[in-house]
> 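The following block contains the structure, expressed as structure tokens.
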Amino acid sequence: MKRLCLIGLLAGLALAGAPAMAQTTLRIGLAEDPDVLDPTLARTYVGRIVFASLCDKLFDIDEQLNIVPQLALSQETSEDGKTVTIKLRSGVKFHDGSIMDAEAVKASLERHMSMQGSFRRPELAAVDKVVVVDPSTVHLQLKAPFSPLIAQLADRAGMILSPKAIKEEADKFGLKPVCAGPFKFVERVQQDRIVLERFADYWNAANVHVDRIVFRPIVESTVRLANLKSGSLDLIERALATDLKEIKADPKLKLATQIQLGYQGITLNLANGEAGKNGPFGKDARVRQALEAAIDRKALSDVVFNGEYLPGNQWVSPKNAYYQQKYPLPGRDVAKAKKLLADAGVATPVSVDFMVPNNPESRQAAEVIQAMAQEAGFDMKIRVTEFATSLNEAEQGRFQAFLIGWSGRIDPDGNSYIFFKCNAPQNNGHFCNKDVDQWLDDARQVNKLEERKAIYEKIADKFLKEGSIIYLYHSLVIIAHSNKLEGYRQLPDGLVRVVGVKLKP
Amino acid sequence: MAVSDALAVELGEESLGARAWRRLTKRKGAVLGLLIIAVFVAVAILAPMLAPYDPIRQSWSSIRKPPSIEHWFGTDESGRDLFSRVIFGARASLLAGVVSISIALSLGVPLGLLAGYGGKWTDALISRITDAMLACPFLILAIALAAFLGPSLQNAMIAIGLTATPIFVRLTRGQVLSVKVEDYVEAARAVGNPPTRIALKHILPNILPALIVQATISVATAIIAEASLSFLGLGQQPPAPSWGSMLNTAQRFLTNAPWMAVWPGLAIFLVVLSFNMVGDGLRDALDPKER
Amino acid sequence: MLLFLAKRLLQLLPTLFFVSLIIFSLQQLLPGDPALAMAGEERDPAVLEQIRKQYRLDQPLYVQYVYWVGGVLTGNLGESMRLKEPVLTLIAQKFPVTLQLALMAIVISLLIGVGAGVISAVKKDTPVDYAVNLFALWGISTPNFWLGIMLIFLFAVYLGWLPASGYVGPLEDFWLSLKTTILPAFVLGNSFAAVLMRHTRSAMLQAMASDYVRTARAKGLAERSVVLKHAMRNALTPVVTLGALELGTLLSGAVLTEQVFSIPGFGKLIVDSVFNRDYAVVQGVTLVTATTYILLNLLADIAYVLINPRLRS
């Protein structure tokens with residue numbers, strides 16, 4: 001009898017232990033191959049998706065874009081706005097076992113600010129010094145008040161790296177990254193896969209239910225979806241809007257969507273190079289307004305994206321707290337467009353060199369815009385240009401209209417400053433207005449939402465009428481995943497957060 | 001029959017061209033190929049008259065409709081009539097095939113003649129450069145050239161033409177080398193003809209058959225190359241239709257609107273197949289060993 | 001023979017020199033600033049300047065060329081700007097993949113092409129012959145990327161027999177590796193199969209009508225042995241050279257096929273690097289594939305001369 005009991009007990013234990021032995025692997029399909037996995041040097045959107053599981057940041061965001069704690073517990077800005085006190089979480093370990101403390105944070109931030117080739121430098125340009133107060137408190141001394149700073153620390157600039165790894169690997173850190181995220185780096189085969197495995201000492205390990213993550217870059221969206229449908233992948237990013245119907249109809253698949261942080265629009269060349277100075281948009285703001293009036297944003301979304309994308313007319317989406325209600329979405333008005341052109345005294349048809357990036361959705365959107373604008377008297381000559389060339393053309397001003405978007409940042413400053421300020425790096429249209437410049441800097445000095453929004457209203461008043469960008473729509477972050485995945489929630493930044501997600505066998 | 005044929009040739013009553021034509025038309029595959037090509041050429045030329053709709057006119061209420069009486073091939077992602085677009089697309093594809101190979105011929109044949117007949121160092125130089133070009137992956141060169149020149153149908157044709165040139169250089173050179181030692185060439189030289197005259201008047205006509213065969217087959221390859229470049233976004237610019245870019249767009253809609261992919265794919269296939277069949281037929285017809 | 005070999009090896013050097021020139025001129029051809037391309041969204045001018053300096057992009061082209069050639073001769077093909085990995089490492093990672101695909105494609109095309117060619121020759125002018133001919137023509141008339149997408153939908157989505165994309169190495173999981181590579185290998189191989197089929201057919205027809213085969217028949221040998229032993233052997237000799245050349249072409253990377261099937265081979269690497277203006281990678285990989293092609297070419301010529309004694313003089 002006793003023996004039977006023992007056997008029964010052993011069998012019971014074995015059975016209880018059995019499910020725990022099976023490893024859960026989450027296979028994620030990316031739309032591109034990420035660049036180098038070094039938060040200081042990285043610059044792709046898709047790289048951020050990998051970082052979301054690999055490298056924790058000082059802060060994170062929630063669905064309403066509020067700042068929430070991650071590696072840091074709290075932040076406080078001084079009265080004069082020039083000192084930011086950050087309190088760190090205790091008991092946080094890096095993947096190599098070392099402890100995260102204020103010294104580690106200082107080392108990481110300084111690396112972001114000063115390493116050769118660092119793309120985070122402009123993001124942290126406002127920081128003068130990083131001071132260690134005690135092992136769990138850091139002071140950031142700023143050169144001038146800078147309210148978007150915390151938003152930067154909720155992105156790559158706030159990712160804390162293991163000081164030991166920084167010292168040993170130096171600029172080869174990206175080949176074997178060591179951070180403090182829920183998963184640690186196992187291996188990477190370029191253009192094939194990136195493998196991460198669960199980090200047992202993660203500060204929030206109790207909420208991590210997946211053992212391994214495998215990222216596979218698959219460029220063709222049809223093939224990516226085919227992989228999801230056939231079960232070779234568990235989750236894919238950037239599914240196409242035109243595939244939504246099919247995904248919804250498939251009982252084995254689920255959708256997680258959010259309006260993106262950024263926007264898609266047309267950048268107009270107002271004064272950059274010959275094409276700008278002699279172009280249609282530089283001389284009279286009414287030509288720009290005419291083009292905007294000719295476009296039916298809703299129809300654009302309907303035709304190209306099955307109505308799934310959100311039409312927009314500002315650099316933040318209508319759902320964003322900073323959206324100016326005073327300037328709502330205008331409808332299409334061809335008569336008004338024709339009148340504006342007539343008033344401006346330009347001969348129709350107005351010829352426009354229309355540069356378009358080389359992807360199917362942009363091409364179709366360009367064709368639709370061309371057809372719409374034609375009715376108002378514009379002849380948009382579509383010129384499909386591949387990515388690298390288009391960046392150059394945009395910089396040199398060799399375009400008159402450029403269909404380009406921006407992936408978006410949490411803070412409205414990130415969607416406006418570098419595009420509106422005179423001579424700013426991304427201001428390819430060469431819009432330049434001294435008042436707007438001043439207001440942009442003012443908005444950085446103030447912290448409260450209402451105050452900043454009031455300043456942005458003044459900017460909107462100027463820019464939406466005379467600026468160099470016509471905002472068209474905000475795309476949908478579309479994540480499709482197998483119904484075996486439970487508890488997945490999507491945030492507007494498009495990142496895939498694996499903490500809290502369960503994968504059924 | 002065979003005897004009278006031979007006699008006719010012996011008596012000089014039938015030129016090389018006529019004999020080739022007769023032999024060509026005997027082969028069913030080649031005849032079919034010629035017919036199909038002729039149909040497509042006619043379609044391309046008469047496109048404005050044949051197409052029921054304007055190929056770039058969008059209709060946002062009839063997006064991605066399946067084939068019906070109003071739209072024989074269905075509509076595409078912006079509501080444009082696919083039948084009209086396929087018809088107009090024939091222009092881009094046929095033009096791409098013919099123009100690019102014409103470029104390759106006009107550059108490759110003279111270079112090949114020069115290499116075969118020029119002299120040791122000219123030959124060495126041209127041959128090594130040709131070898132080098134053939135060693136580099138064709139599509140990469142085409143992509144680089146197309147990117148450099150700027151994406152457009154003309155530039156795609158130039159890019160394909162330039163990358164196809166080495167094949168003709170090598171072929172011409174090979175042919176020249178084997179024909180160079182023939183009696184009639186030796187005779188012409190002995191009489192004192194200048195090299196250019198010999199090359200143009202004596203050598204070129206005799207290597208023409210091989211060139212024609214290769215050209216026909218290369219047109220087929222060029223059409224697929226144009227489709228590939230368009231697939232990568234480097235060919236015909238929107239909204240003008242081209243079968244390759246239509247296939248590129250159709251990829252996204254394979255499950256929603258498969259008809260968008262069927263027709264341009266079928267068109268490419270038929271045209272390329274026809275050129276291959278004609279090329280095959282020509283090769284057999286111009287082969288001196290055949291009767 | 002040795003003289004022939006020596007002459008050909010000597011020709012190799014100027015060819016490689018021209019290859020390097022062509023490869024390097026790609027850099028000049030491709031418009032766009034690689035530093036900008038690399039920076040993407042983050043475009044701080046100071047950082048861009050520093051990147052240009054680091055990769056010598058601010059130097060004149062001939063200076064860069066000299067540095068590059070110097071590097072190549074010492075075994076250093078540079079570093080990928082985008083991925084920060086040495087080009088040689090990337091090549092070492094991708095070469096086995098492309099090689100596996102190329103070899104499988106050749107095997108498939110041999111099986112299909114030679115098999116179909118033999119059958120078609122033996123059953124000349126029957127419906128079987130026409131059907132096989134049509135198949136061969138179909139093979140060279142369909143765009144690769146197109147065929148690939150159709151096959152993915154048929155075998156992966158509707159039938160679910162094979163994975164839709166991706167690659168697994170044979171050492172990791174042999175059967176899965178076969179499953180991931182069979183579709184792209186077929187797509188790559190079907191055009192060469194067509195070429196082989198036509199070639200085998202005509203060579204077989206020639207051989208079957210030739211004197212020594214007629215003699216064999218007259219001697220009373222079974223038809224099958226006549227066909228298999230005598231005709232095929234003759235038909236297959238040039239296949240070796242054709243195969244070597246095709247292998248060289250395939251090793252250059254099947255650009256579009258790898259794109260469609262997401263196979264991390266040379267083709268995909270080159271295309272991505274061209275679009276990202278990652279010159280070091282483009283130059284390094286093109287150099288390796290071009291050299292391989294030239295060497296295979298040479299091997300093919302040697303094999304041809306060896307097999308065909310009449311050419312030795």
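Per chain, numbering begins at 1; letters A, B, ... match sequence-line order. Quick note: numbers below take in every heavy atom, side chains included, and nothing from hydrogens, waters or symmetry partners. Treat the numbers as computed from the prediction; the structure is a model and nothing was measured.
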> With rounding to the nearest 0.5 Å, note down the distance linking OG in B/Ser78 to CZ in A/Arg363.
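So the gap between those two atoms works out to 11.5 Å.
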
> Look at the side chain of A/Glu367 and the backbone N and O of B/Ile56, then say whether any donor-acceptor pair between them is shorter than 3.5 Å.
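Checked: no pair found.
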
> Rounded to the nearest 0.5 Å, what separates atom OG1 in A/Thr242 from atom CZ in B/Arg64?
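One gets 6.0 Å once the value is rounded to the nearest 0.5 Å.
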
> Which atoms of B/Glu77 are under 4.5 Å from chain A, going by heavy atoms: the side chain, the backbone, both sets, or neither?
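For B/Glu77, the contact with chain A is made by backbone and side chain together.
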
> Non-hydrogen atoms of chain B under 4.5 Å away: do they reach the side chain of A/Glu246, the backbone, both or neither?
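It is the side chain, since no backbone atom gets that close.
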
> Using non-hydrogen atoms only, which part of A/Gln370 is less than 4.5 Å away from chain B: side chain, backbone, both, or neither?
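A/Gln370 touches chain B through side-chain heavy atoms alone.
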
> Does the side chain of A/Val368 reach to within under 4.5 Å of the side chain of B/Trp60, using non-hydrogen atoms?
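Sidechains of B/Trp60 and A/Val368: in contact.
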
> Show the nearest heavy-atom pair for residues A/Val384 and B/Gln237, with the distance to one decimal.
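What the structure gives for the nearest pair is N-OE1, 2.6 Å.
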
> What verdict does the side chain to side chain donor-acceptor pair (under 3.5 Å) test give for A/Gln364 and B/Thr249, after you've listed the backbone C-alpha separation in whole Å, the side-chain angles of each residue and the deciding distance to 0.1 Å?
CA-CA 9 Å; A/Gln364 193 187 359; B/Thr249 320; over 6 Å; no

> Assess whether atom CD of A/Gln374 is packed by more than 12 heavy atoms of other residues, nucleotides or ligands within 6.0 Å.
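No - once you tally the heavy atoms of other residues, nucleotides and ligands closer than 6.0 Å, there are 12 at most.
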
> Using non-hydrogen atoms only, which part of A/Asn306 is less than 4.5 Å away from chain B: side chain, backbone, both, or neither?
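A/Asn306 touches chain B through side-chain heavy atoms alone.
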
